[in-house]
Amino acid sequence: MVGFVSVALFCAPFATLTYAVPGHLAGHALPPGLRVLVPLGRSIRVGMILADEPAPPQGVEIKPLVWPLERAPLLDAAYLDMIDNLAARQMCHPGRVLGQILPTGLRQSKVVFTAPEKARLRRQTPRALLEATPQEATELAAQWAAGVMQVSGAGRGPERALRLLVDPPWPVRPGATARIALLDYLYERGQTPLSVVTGYFGRDMGPVIRALGQLGLVEMGACDGTSPDGEDSCLAPAAAPCPPEAPEEVSDAPLTDEQCAAMAHLSPLLCAPGGAVRLVHGVTGSGKTRLYLELARQCLDMGRSVVLLAPEVALAGHLYRAVREALPDATVILSHGSLSPAAREAAFRRAAAAREPVVVVGARSALFLPVAAPGLIVLDEEHDASFKQEERLGYQAKEVAFFRARREGGLLVLGSATPDVKTYHAAARGAVPCVVLSRRAGTSQPPEIEIVDMGQTVKAPSRQAGPGGGKPPERTAVLAQASAAALAETVARGEQAIILLNRRGYAPVLYCLDCETVLSCPDCDLAYTFHKTRQRLVCHYCGRTQDFPAPCAKCGGTHFLPLGAGSESLAEELSGVLPPGTAVARLDRDSAARPGRTEEILAEFASGASRVLVGTQMLSKGHHFPRVTLVIAADADMGRNLPDYRAAERTFQLLVQVAGRAGRGDIPGKVLIQTRNPGDPFWELVRGADYQGFFSQELARREKWGYPPFSKLALVRISFPKDDPAGFTALSDVGRVLREAATAAGGGVRVLGPAPASLPLIGGRKRYHCMIKSPDWPAIRVLFAKVRAVVPRGSEVRISLDLDPVDML
DNA sequence: ACCAGTGTATCC
DNA sequence: GATACACTGGTA
Ligand SMILES: [Zn+2]
Ligand SMILES: [Zn+2]
């Protein structure tokens, strides 16, 4: 043995383990960033070399690694530092991070080596390499070094299926219930793909299947013909139709004065050693994309790569086309979550192997393409929530991008018309200098925004209802009369309209018709949600509850309205407003269930096949419909008052963004914002797209109530099976331990809750959460580390930490 | 004595 | 995640 390396495993147990370099690989470079096959127990796994290990750990047998999977490292030192950083933030092994961000093909140990032998190619399995004699291994190592020994993925091959070889009665003992169940199942269904079998019985069937195979009762073979499920491989989504064109047309026109000034500020920062961050605060239509492309061109000229990120796949596609057009000679790599595994792997490998600077364009995950030392990273629409990955490995792309820019010496550009309040706060403090584009670049006119008073739309519920009464009115209309009239006119003119709604399916927020505010928690300044079954109002931040019905705590009023009510009957309402036969398209979470379906609906609408599109926020994201001249934000009040401290910020961003997109073209657009409280100064700020005004108002509120950026927020999520008696014990333990730890930590760390989650039951599991407010992140990690220890290992209680939660769900 | 089925500790 | 080993409760 000639030394040791530490290897991070890509699958459980994800640990970083020490392996010896075997003699036959002595002369070969095994640098960090190289993938290797290693033995673990009796199996062979893939991992990544993280470092040379000078002193192996004592007391364990150190095994030699089996074989490298590439000749040159896939990842460089800076990338591995980023992995370490992510692992530290998430308090997990680097291997787990790698297991999440590498394309599947690069994490599989099922590979085949081929090496020439007597004028023929001989296949070598990893196991054969493990068991090779030192002499064979040395010969193969020489072939590997010479490049004549190759490695390839095992190929997915046809899916394997299970087939019966015997007829009943089964030659097994009557007590062997699992075996009998499997045999009966196969008898009934005939040949069945393995994935269907494991899907039906669960993962624990593995040993049973193998035992029956050895007994010769079942056979594992290639699928022939169709599966009895009819579940064939035609499920791949059809190629999505071309989405509507990008809103910001990028021309060759000379830069505006403002754009020139911005370039003068930004271009010296490209490839800045030690990194630099700048906010580009540019109103819609001010030509931010143009700026990005100019910067990208200069960065490539300096010999460094560029990463351009958009919040959504469709937007990344627009950006990709713009880059191809503006920089026709550059190598451009598109990467996002909707690519096939093979395409993702190809993009990853291209980025890793690139010798010339490249441009990477994509959504969030494209940030993890291993391009060497990008000199420019752009996050367009930096305020967008989708830059934070929620599930599995949680990360905030903005933070990761910042890390990369600093570590590898690049400029990070955060672009938005309506920046994240936290980003703008950093800009206002001078921590992130800001470049402003305040004028529209083209000739297009901003749309007209009108605030529509909904106050008269609902007949107020009978005033004689005594205290404690407060029944909601029988029927509420979604559209105010003025909106309905505008809609009818628009359609009559042959133009199109969009009606924006909020997401449904949560417990409602109640609006007091007497004082025109929502019922809210006095400790958190957060809307209560009404839980009908418990007849209570609940604050999802601190868990405070209040009986309901009861008079309004602020004004004593007894007339309430659930926000967002009535949208179920919108279709009916529309049919009363629109001429008979007018086509109305719908876009919501359900209709967008299938990948590609969203784009289909949008393309159909863009083609003019339907006149009115009813949908949620996903509409706002950069889709452009030139024939849409009317946008109605139907329940803006609901968005403004959602139980989330960022509700106002999100609503401001959404509405300003929508307004910027309406009716671009020769026809001026109109945006109608419906509210029951037109006197709220917030709406005037939206109407004027007055970001500064909104920012100072919102910042004051955040400071008063101790929300970010004046504190760090984290959510400890706890879930357990709904009839697990250990669940509630664990829940109260978690709350108690968190509180104790917070008191011990001092320094203003506060714990709220536990409170039930907004979706209190998912998949038979009850869900709760505790919120932590802290002056800094480390204190939160310390608390979480303590509380994680109180949940017994192997229990059904699951606990996770969400830093700066975007969605409380 | 033996085995099927299940639970659980370990893997450099 | 895969595997081996230890344990349980049943059959022969
Ligand atoms: Zn009131
Ligand atoms: Zn509260």
Side-chain angles (χ1 to χ4, degrees), chain A residues 1-23 25 30 32 34-68 92-100 102 104-111 125-127 130-131 154 160 169-185 194-195 197-199 201-218 220 392-393 721 724 726 791-798:
Chain A
M1 305 302 162
V2 287
F4 303 93
V5 287
S6 58
V7 174
L9 300 172
F10 299 156
C11 55
F14 296 107
T16 301
L17 303 176
T18 305
Y19 287 89
V21 178
L25 292 174
L30 293 171
L34 197 75
R35 290 180 310 137
V36 285
L37 292 175
V38 293
L40 182 74
R42 239 115 298 183
S43 62
I44 295 177
R45 311 295 179 93
V46 211
M48 171 104 18
I49 296 180
L50 293 186
D52 284 328
E53 195 72 57
Q58 298 298 300
V60 276
E61 176 206 0
I62 306 292
K63 296 184 183 177
L65 61 86
V66 178
W67 212 263
C92 67
H93 294 290
R96 185 178 281 277
V97 177
L98 285 166
Q100 298 283 347
L102 293 184
T104 34
L106 296 176
R107 314 178 235 138
Q108 284 187 345
S109 60
K110 286 177 184 139
V111 295
T125 62
R127 192 151 294 278
L130 177 66
E131 288 159 1
R160 297 200 301 168
W170 313 123
V172 294
R173 286 193 13 249
T177 51
R179 295 179 177 202
I180 292 172
L182 178 61
L183 290 166
D184 283 342
Y185 177 81
L194 196 57
S195 59
V197 176
T198 50
F201 286 103
R203 262 113 289 261
D204 305 332
M205 240 1 179
V208 177
I209 293 171
R210 252 184 306 138
L212 289 179
Q214 280 180 353
L215 289 169
L217 304 185
V218 301
M220 181 102 72
R392 287 169 302 182
L393 168 95
D724 186 349
V791 176
R793 236 172 78 87
S795 111
E796 275 294 291
V797 180
R798 280 208 285 269

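Letters A, B, ... are given to chains in the order of the sequence lines, protein chains preceding strands, and every chain is numbered from 1.
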> For residues 41-48 of chain A, which residues have at least one heavy atom under 4.0 Å from DNA chain B?
Replying inline: A:G41
> Hey, does A:P39 reach any base, or is it just sugar-phosphate, or nothing, if we go heavy atoms under 4.0 Å?
Replying inline: sugar-phosphate
> Under a 4.5 Å cut-off applied to non-hydrogen side-chain atoms, are A:V218 and A:L183 in contact?
Replying inline: yes
>> Test: side-chain hydrogen bond (donor to acceptor under 3.5 Å, both in side chains). Region: residues 43-56 of chain A. Which pairs qualify, not counting sequence neighbours?
In response: A:S43-A:R45
> Is there side-chain contact between A:V5 and A:P32, with heavy atoms separated by less than 4.5 Å?
Replying inline: no
> Hey, does A:L393 have a side-chain heavy atom less than 4.5 Å from the side chain of A:R96?
Replying inline: no
> Starting at CG of A:L40 and ending at P of C:dA2, how long is that distance when rounded to a whole Å?
Replying inline: 11 Å
> Can you tell me how far P of B:dC12 sits from CG of A:L9, to the nearest Å?
Replying inline: 10 Å
>> Just the rounded figure in Å: distance from C1' of B:dC11 to NE2 of A:H93.
In response: 12 Å
Side chains of residues 11-22 of chain A: which donor-acceptor partners sit under 3.5 Å, not counting sequence neighbours?
| from | atom 1 | to | atom 2 | distance (Å) |
| --- | --- | --- | --- | --- |
| A:Y19 | OH | A:P39 | O | 2.6 |

> CG of A:L50 versus P of B:dC12: gap in Å, rounded?
Replying inline: 17 Å
> NZ of A:K110 versus C1' of C:dG1: gap in Å, rounded?
Replying inline: 11 Å
>> Please report the distance, rounded to the nearest Å, between CG in A:L17 and P in B:dT10.
In response: 14 Å
>> Using whole Å, what does the distance between atom P of nucleotide B:dC11 and atom OH of A:Y19 come to?
In response: 11 Å
> With no hydrogens and no angle check, is any side-chain donor or acceptor of A:K63 less than 3.5 Å from a backbone partner on A:V38?
Replying inline: no
>> Just the rounded figure in Å: distance from P of B:dT10 to NZ of A:K63.
In response: 15 Å
